[in-house]
Novice: 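Before I ask anything, here is the structure I am working with.
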Amino acid sequence: MILMTGSAYYRKSVTVIGGGVAGLAAAVFLTDKDFEVTLIEASPKFGGRAYSFFDKTFGSTIDNGQHILASWYHNTFDFLKIISSFEKLSIQKQLEVRFFDSDSNEYHFKCPNLPPPFHLIAGIMRYKALRLSDKRALSGLVSMIKKNRISTDRLKKMNTDELFTETGQTERLIENFWKPFIIAVFNAEPKDTSALMFAEIIKTGFLEKGGSQLVLPDKFLSDIFSGPAVEYLIKKKAVILAGLRVQKINFEEDKITSIITEDTREFKSDFYISAVPFFDFKSLIGESIYNRDFSSMDGLKPSPIVNIHLKFEKSIEHIFKGKFAGFLGTRTQWIFNVQRDQVCLVISSAKEIAELNKDEIVKIAVNDMCSCLP
């Protein structure tokens with residue numbers, strides 16, 4: 001953004017604190033609009049959860065977290081188009097997911113090329129992990145959401161578990177369809193998910209045209225997110241600072257005047273954006289301002305995602321084909337085919353799992369994989 005004062009031009013400046021995907025996206029969008037941007041990240045690397053690294057012991061590149069995107073991620077795709085990474089994604093023509101249960105049964109959920117919601121109805125009718133009573137319950141809930149038969153005020157007061165009880169969703173349906181969907185989208189169990197947010201995602205993902213395709217990275221995450229974003233920002237003359245922690249945000253009469261980094265440098269700009277994790281925010285702005293204006297953030301809780309990377313002595317393509325698959329009835333939810341001899345197992349909403357030691361976590365994941373893919 002350029003403002004003209006008399007005969008002089010003045011570019012508005014922004015300082016972005018935090019270089020994960022949120023901070024990178026903010027910096028890229030603002031730079032694209034001709035703001036003067038400074039991006040400061042405490043870690044020596046950018047990207048946060050969307051980051052890759054080469055592990056010498058493992059002998060291969062590892063993504064910090066496997067990612068499945070959905071076709072309703074419009075802002076994410078705008079971000080990737082600006083940094084020229086959008087072509088590194090693989091977009092499904094129609095929603096399609098393979099599932100395996102702990103008895104090694106395979107179920108194929110695939111929606112045909114029909115307008116919504118008929119594509120979902122047809123896909124559900126062919127999905128053999130559900131019985132007819134389950135399918136009727138699912139169709140009934142989607143119809144209620146589509147026709148707004150449950151008021152917004154009512155949805156605001158419920159979690160998704162309570163919504164399922166009220167609308168007669170069966171246990172098999174919840175375990176074999178709703179729960180994998182909710183954990184994948186929200187990284188939370190149904191009891192910890194807002195019924196209102198769930199209903200909005202159903203409208204966006206299943207009831208809008210072109211909303212339900214899955215989108216998978218064709219490259220490692222650093223090649224799609226952090227690397228191209230940093231290159232773009234450097235090319236556009238943004239100031240990029242890694243390995244530098246912001247220590248304090250200075251205020252004067254409720255207005256931010258500057259930020260101070262741990263090496264005592266002071267940065268001033270017209271605007272400031274915090275893209276740091278919620279648990280780090282309080283220390284930046286100070287307790288008094290936090291308690292007055294941001295105390296509602298105390299209700300936020302972390303929800304860990306555990307990734308287990310396995311490398312085999314030889315190719316396992318004859319056992320597991322395709323880019324990814326879901327597991328049903330196990331603590332591990334997803335398996336990703338990274339390379340011919342390498343997979344990544346993902347456990348979302350993994351607060352209890354994350355408290356175990358590494359050997360215990362690996363044992364759980366491997367046992368789940370062997371029961372689903374013997």
Novice: Strictly distance-based, threshold 3.5 Å: is any side-chain N or O of Gln342 a donor or acceptor partner for the main-chain N or O of Thr61?
Specialist: yes
Novice: Can you see whether Lys128 engages Asn176 through a side-chain donor-acceptor pair at a distance of less than 3.5 angstrom?
Specialist: no
Novice: For side-chain hydrogen bond (donor to acceptor under 3.5 Å, both in side chains), just list the numbers for Lys237 and Thr31, CA-CA rounded to whole Å, side-chain angles, deciding distance to a tenth of an Å, and then say yes or no.
Specialist: CA-CA 9 Å; Lys237 311 298 183 185; Thr31 301; over 6 Å; no
Novice: Can you check whether Leu345 reaches Gln333 side chain to side chain, under 4.5 Å on heavy atoms?
Specialist: no
Novice: Could you give the distance from CD1 (Ile347) to CD1 (Ile353), rounded to the nearest 0.5 Å?
Specialist: 4.5 Å
Novice: Check whether Ser13 reaches the backbone of Ser269 with its side chain - one donor and one acceptor, N or O, closer than 3.5 Å.
Specialist: no
Novice: Tell me whether Asp63 is salt-bridged to Lys219, with the criterion being a basic N under 4.0 Å from an acidic carboxylate O.
Specialist: no
Novice: How are the rings of Phe35 and Phe271 set relative to one another: parallel (under 30°), tilted (30 to 60°) or perpendicular (over 60°)?
Specialist: perpendicular
Novice: Between atom OG of Ser139 and atom CG of Leu120, what is the distance when rounded to the nearest 0.5 Å?
Specialist: 7.0 Å
Novice: Using distance alone, with no hydrogens and no angle criterion, decide if Trp178 and Gln169 have a side-chain donor and acceptor under 3.5 Å apart.
Specialist: yes
Novice: Do Thr261 and Gln247 have side-chain atoms, one donor and one acceptor, less than 3.5 Å apart?
Specialist: no
Novice: Tell me yes or no: between the side chains of Thr15 and Lys268, is some donor less than 3.5 Å from an acceptor?
Specialist: no
Novice: Should Ile62 and Phe53 be marked as a side-chain contact (heavy atoms from CB on, under 4.5 Å) after you check the CA-CA gap, both sets of side-chain angles, and the distance that decides it?
Specialist: CA-CA 5 Å; Ile62 295 174; Phe53 61 95; 4.1 Å; yes
Novice: If only side-chain N and O atoms count, and only distance matters, is there a donor-acceptor pair under 3.5 Å linking Asn187 with Ser349?
Specialist: no
Novice: Should the pair Lys81 and Phe86 be classed as cation-pi, given the thresholds of under 6.0 Å to the six-membered ring centre and 45° from the axis?
Specialist: yes
Novice: Salt-bridge test for Lys311 and Asp341: reply yes if a basic N is under 4.0 Å from a carboxylate O, no otherwise.
Specialist: yes
Novice: Under a 4.0 Å threshold between the charged nitrogen and the carboxylate oxygen, would Lys12 count as salt-bridged to Glu36?
Specialist: no
Novice: How many angstroms lie between atom OG of Ser133 and atom CG of Leu138, to the nearest 0.5 angstrom?
Specialist: 11.5 Å
Novice: For the residue pair Tyr127 and Phe109, is the inter-centroid distance of their aromatic rings smaller than 6.0 Å?
Specialist: yes
Novice: Among Lys157, Arg154, Arg149, exactly one meets salt bridge (Lys or Arg N to Asp or Glu O under 4.0 Å) together with Glu166. Which residue is that?
Specialist: Arg154
Novice: Would you check if the distance from the ring center of Phe181 to the ring center of Phe206 is below 6.0 Å?
Specialist: yes
Novice: Show your reasoning for whether salt bridge (Lys or Arg N to Asp or Glu O under 4.0 Å) applies to Lys203 and Glu200.
Specialist: CA-CA 5 Å; Lys203 292 177 182 177; Glu200 291 301 316; 3.7 Å; yes
Novice: With no hydrogens and no angle check, is any side-chain donor or acceptor of Ser348 less than 3.5 Å from a backbone partner on Ile305?
Specialist: no
Novice: Measure across Asp134 and Leu173 and return the closest heavy-atom pair with its distance rounded to 0.1 Å.
Specialist: O-CD2, 3.4 Å
Novice: What orientation do Phe79 and Phe29 show, parallel under 30°, tilted 30 to 60°, or perpendicular over 60°?
Specialist: tilted
Novice: Could you go step by step and tell me if Thr257 and Asn250 meet the side-chain hydrogen bond (donor to acceptor under 3.5 Å, both in side chains) rule?
Specialist: CA-CA 6 Å; Thr257 55; Asn250 288 326; 4.9 Å; no
Novice: Between Tyr290 and Asp298, does any side-chain donor sit less than 3.5 Å from a side-chain acceptor?
Specialist: yes
Novice: Closer than 4.0 angstrom, basic N to acidic O: yes or no for Lys88 and Asp223?
Specialist: no
Novice: Ignoring hydrogens and angles, tell me if any N or O in the side chain of Thr165 forms a donor-acceptor pair with the backbone of Asp161 under 3.5 Å.
Specialist: yes
Novice: Can a salt bridge be assigned to the pair Lys363 and Glu360 using a cut-off of 4.0 Å between side-chain N and carboxylate O?
Specialist: no
Novice: Would you say Arg172's side chain and Ala129's backbone share a donor-acceptor pair under 3.5 angstrom?
Specialist: yes
Novice: Output, in order, the C-alpha distance, side-chain angles, deciding distance and verdict of salt bridge (Lys or Arg N to Asp or Glu O under 4.0 Å) for Lys179 and Glu189.
Specialist: CA-CA 7 Å; Lys179 193 172 179 179; Glu189 297 285 336; 3.5 Å; yes
